[in-house]
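A quick write-up on the structure given underneath.
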Amino acid sequence: MFWRKARVEYVFLVPFVGFLLFFEIYPLINMAIRSFFDNNTGEFTFQNYVNVFTQPQFRTAIRNSLLFATACSMVGAVGGTFVGYIASHISPKYRNLLLSLYSLPLTLSGLVVAFSFIVLLGRNGVINLLVRQIFGLPRSVYFDVYSWYGLVVVYAFYQIPLMALTMAAIFLNLDRSLVEAARNLGANTFQVWRYVIIPVLAPGFLAGLSIQFAGMMGAFGTVLALVGGEKNLLSVQIYYHTSESTYNLPQAGALAVTLILIISLLLFTLNRLRHVVSPGG
Amino acid sequence: MRRLLQHIIFVFLVLFILVPLLMPVIFSFSEFWQGILPQGFTLRWYEAIIRRPRNYSALMVSLTVAFGAVVLDALIAIPAAYALNRLDTRGGRWLRNVSMILPLIFPPVIVGTALVQAFSRPPLALTGSVFMVIVAHALIGFPFMFRNTLASFQTIDERTLSEAAASLGANLWQRLRYVIVPNVLPGVMVGALLVFAISIGEFEVTSMVAGFTAQTLPLQLFQQIRNDMRIASAISAFLVYVSVLTFLAMTFLGGKMYGDARDRR
């Protein structure tokens, strides 16, 4: 009886498992295997991986990606926590409006964001023109959206809302009576934050941070639309080795495997940290 | 004073999202926009999407792909969510967690390069076809469909309800027709809307697997950002409308995107 029931339900999993195996797992394994073979001769080699860690362009790409993803996640984490905090402290009507608005960027194409920021912050963008006119500055003064700082500002449009939605939910869940109970038992502000608020917030904050970081390590659409291949990122390198003139699939595979390892390591570390910060949660 | 500060912060936070969203919309209705303020009113750039064959075919490809990805995801995710809700075993939980973490570890750029490597040579030369783009979008959209469908199976407690209906003499068809479908439909619809919206705007994987035959709207947009900002503005505005409409429909269905992050733990 038990087996008959169970078997029927496993049948429903067949399309899911089949699709995932054929279109996600098989391509990934295939990619990992091919990354150990030479692009031209087809011989077994570690050269693709040696390249990743010795060739200057790839080393710079890894360094840039790590720095860029860290900067964007930090901006997203701080900004998102701030928005989440504000959202949880205003009346429900305004909160819903704010959070609704902040969930819009999640489905928005990265290219639309690129377009908007070219219009707003391009060399002769609306904001640059406005600021120059108000302060009477020369044409050579402008905020450069095509610089690293500019890209961080553009990606903040994604990262802050993403974090804000997570943090708003957590702030709303934070049981105020817990804080009051701690106060009544004689805890000072520092103690309340250290022993009550932070342990409650930390797991969600770190989960949000992981999502941000993982997402940023792989992001390249908006970068490509804004500056083309000018900014050297790991994800851009993978893109160029897959579909542009520098076509070299095994090399792209080796870079992709490296990227997967970096993201996995980071998710693992942040997950560990989550257990350290709040042993109960 | 504190209230005033609160109001200023609130307005600033609203503008932070609203202003970038409005840029393509304002641009798309203006004759030209060189200075601080846009000039004139026109619908010419929207007309160009419909009149120019390349743009129009991209629009059609995008719509086909988005519908295809929604259907494909529904066919995979609904049975899986049904089964996983019932199989509350270790394997079921494991599979559930895996499908949540997978998109984090394998971002679009990885999925794209892996698909190109696996399916660009005979006998599996699928890249460059609309089918490949549908598959790629289904892969990216899958977690959203799956999560929402599973959540609605869980909140209605499908097992108990079905058993109750069965004990009252309802057969399988009646259980499906009167119990399962009406209760699960809102969750499936929210998932479908999200998959649709994500698919319509997807650029990263598409640019890798699409080739020349399966040019979608975002791929056209990518070219137009370099060539003609006015055409680009109309395409961008169209994508903004899709996102906003999707969101309004989701709110109407009672779906919430926020708060959703909590069950990622």
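Here is how names work: the chains are called A, B, and so on, in the same order as the sequence lines, proteins then strands, and each is numbered from 1. Only heavy atoms go into these numbers, but all of them, side chains included; no hydrogens, no water, no symmetry mates.
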Given heavy-atom pairs under 4.5 angstrom as the criterion, report whether the side chain, backbone, both or neither of [X] touches chain B.
X        : answer
A:Phe213 : neither
A:Ile160 : side chain
A:Ala168 : neither
A:Phe22  : both
A:Leu108 : both
A:Phe117 : side chain
A:Ile86  : side chain
A:Ile118 : side chain
A:Ile90  : side chain
A:Ile29  : neither
A:Leu20  : side chain

field: Part of B:Leu239 lying under 4.5 Å from any heavy atom of chain A
entry: both
- prompt: Which class fits the ring pair B:Phe222 and B:Phe203: parallel under 30°, tilted 30 to 60°, perpendicular over 60°?
  reply: parallel
query: Hey, mind stepping through A:Phe19 and B:Phe142 against ring pair (Phe, Tyr, Trp, His ring centres under 6.0 Å) and telling me if it holds?
result: CA-CA 11 Å; A:Phe19 182 77; B:Phe142 176 80; 7.2 Å; no
message: With rounding to the nearest 0.5 angstrom, report the CG to CG distance, B:Asn148 to B:Leu193.
response: 9.5 Å
task: With rounding to the nearest 0.5 Å, note down the distance linking CE in B:Met250 to CG in B:Leu245.
output: 12.5 Å
query: Testing A:Val257, A:Ile263, A:Thr258 for side chain to side chain contact (heavy atoms under 4.5 Å, CB included) with A:Leu261, which one passes?
result: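 Looking at A:Val257, A:Ile263, A:Thr258, the match for A:Leu261 under the side chain to side chain contact (heavy atoms under 4.5 Å, CB included) is A:Val257.
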